[in-house]
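Protein chains get the first letters and strands the later ones, always in sequence-line order, with residue 1 at the start of each. Note that this is a predicted model, so its numbers are computed, not measured.
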There are 2 protein chains.
Amino acid sequence: MERNTRQRSAIRAAIAQANRPLLPQEVLDAAQQEVPGLGIATVYRNLKALVEEGELQAVHLPGENPRFELVGHKHHHHFQCRQCQRVFDVHGCPGNLSRLAPKGFVVEDHDLTLYGRCTSCVPAARAARGEPAK
Amino acid sequence: MERNTRQRSAIRAAIAQANRPLLPQEVLDAAQQEVPGLGIATVYRNLKALVEEGELQAVHLPGENPRFELVGHKHHHHFQCRQCQRVFDVHGCPGNLSRLAPKGFVVEDHDLTLYGRCTSCVPAARAARGEPAK
DNA sequence: GTAGCTGCAAATTCTTTGCAGTTGT
DNA sequence: ACAACTGCAAAGAATTTGCAGCTAC
């Protein structure tokens with residue numbers, strides 16, 4: 001049977017409160033404010049368990065370490081800010097992409113990652129180029 | 001100045017002869033048939049150098065270690081077969097995806113990975129379900 | 001009371017780096 | 001000659017695992 005430990009609650013809460021997928025280290029940092037002695041191994045063990053229970057899902061971006069978020073309802077994609085490296089959910093989808101595959105290939109699914117600047121970093125980039133804020 | 005070592009030639013040849021992106025370990029295995037004493041560190045160093053020279057490009061798929069292939073000409077994406085795990089180039093692109101990002105976000109680029117069955121594996125999957133070949 | 005959980009440290013896996021010896025030009 | 005390159009082994013970074021003590025139920 002599974003237990004309700006302080007550690008697991010803190011890990012769950014950390015992810016629920018973030019509005020974006022978190023790296024294991026980010027989960028640790030957030031959860032340690034509630035449970036100071038928390039260890040990274042416990043974070044990994046709980047992330048794995050929560051994914052298996054279906055409460056969390058792993059978000060894999062190309063060339064990035066896995067992040068974790070609450071299981072959402074719909075198919076969605078991600079956006080990574082090239083300045084702050086944070087990842088955000090994108091609730092849109094280009095739609096049917098079967099036409100892109102070579103003839104004879106069957107497309108069942110897809111992953112899409114957008115790259116650019118998030119709202120917080122757009123003004124910073126503009127300022128760095130000496131442009132006035134919009 | 002850059003040198004033409006046996007090791008570098010073997011690494012180049014291994015990648016040129018494979019018709020798919022290779023993992024560093026696969027490059028090592030292939031290149032060692034020509035240069036038996038070759039070490040993995042040399043493979044990594046040369047892969048990095050060849051990418052910087054623009055001869056190779058890294059292929060990052062979500063949750064996968066990086067693979068390396070000869071540089072292609074255009075922006076393109078990848079298709080991974082869920083049965084044989086092989087990766088293929090996709091020379092199409094959904095186009096401008098800015099509309100998908102949240103308001104205030106600036107989209108500069110994107111990565112797309114399609115998943116499904118490649119031509120070789122579609123008949124196998126059909127057969128496994130007891131369906132007649134088309 | 002006890003099975004599951006936790007923290008710590010050691011082990012794994014993939015990749016990078018330091019170093020002393022080797023080699024292409 | 002001599003700077004670039006190589007193999008080896010050690011160092012790193014991310015993740016997993018072994019273990020003895022702790023704790024929810």
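Rounded to whole Å, atom C1' of D:dA14 lies 14 Å from atom NE2 of A:His60. Rounded to whole Å, atom P of D:dC5 lies 13 Å from atom NZ of B:Lys48. Atom CD in A:Gln25 sits about 10 Å away from atom P in D:dT15, given to the nearest Å. Spacing between atom OH of A:Tyr44 and atom C1' of C:dT12 amounts to 13 Å, rounded to whole angstrom units. Atom CD of B:Gln32 is separated from atom C1' of D:dG7 by 12 Å (rounded to the nearest Å). B:Leu28 places its CG atom 15 Å from the P atom of C:dT16, with the value rounded to the nearest Å. In this structure, A:Glu26 atom CD and D:dT15 atom P are separated by 12 Å, rounded to whole Å. The CD atom of A:Glu52 sits 11 Å away from the P atom of D:dT16 (whole-angstrom rounding).
Residue B:Ala41 places its side chain closer to C:dT17 than to any other of D:dT15, C:dT17, D:dT6. The side chain of A:Asn65 lies closest to D:dA14, out of C:dC14, D:dA14, D:dT17. Across C:dG7, C:dT17, C:dT15, the shortest atom-to-atom separation from the side chain of A:Thr42 is found for C:dG7.
Each of A:Asn46, A:Leu28, A:Leu22 was scored for a side-chain contact (heavy atoms from CB on, under 4.5 Å) with A:Ile11, with one residue passing: A:Asn46.
Comparing the end axes of the helix from C:dG1-D:dC25 to C:dT25-D:dA1, each fitted to five base pairs by superposing C1' atoms of four pairs onto the next four, gives an inter-axis angle of 20° (nearest 10 degrees).
Between B:Asn65 and B:Leu23, the shortest heavy-atom distance links the atoms O-CD2, 3.7 Å. Heavy-atom minimum distance, B:Asp89 versus A:Pro102: O-CG, 4.3 Å.
In summary, the side chains of A:His110 and A:His75 do present a donor paired with an acceptor at a separation below 3.5 Å, with no hydrogens or angles considered.
Rounded to the nearest 0.5 angstrom, B:Glu69 CD and B:His78 NE2 are separated by 4.0 Å. Annotation: the span from A:Tyr115 atom OH to A:Leu61 atom CG amounts to 6.0 Å, rounded to 0.5 Å.
Every residue two or more places apart in sequence or in another chain that forms a side chain to side chain donor-acceptor pair (under 3.5 Å) with B:Asn96 is listed here: B:Ser98.
Using a 4.0 Å heavy-atom cutoff across all strands shown, A:Leu38 reaches sugar-phosphate atoms only and no base atom. Using a 4.0 Å heavy-atom distance criterion, A:Pro36 is classed as making no nucleic acid contact.
Looking at A:Arg45, its side chain comes within 3.5 Å of the base of C:dG7 through a donor and an acceptor atom.
Between C:dT23 and B:Gln7, no contact under 4.0 Å exists linking OP1 or OP2 to a side-chain N or O.
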Steps toward salt bridge (Lys or Arg N to Asp or Glu O under 4.0 Å) verdict (A:Glu26, A:Arg20): CA-CA 11 Å; A:Glu26 293 177 311; A:Arg20 55 190 184 86; 3.6 Å; yes
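In this structure, B:Gln32 contributes its side chain and B:Leu38 its backbone to a donor-acceptor pair below 3.5 Å.
Between A:Glu34 and A:Arg6 there is no salt bridge, since no side-chain nitrogen of the basic residue lies less than 4.0 Å from a carboxylate oxygen of the acidic one.
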Reading 5' to 3' through nucleotides 20-25 of chain D, protein heavy-atom contacts under 4.0 Å coded B for base, S for sugar-phosphate only, - for none: ---BBS
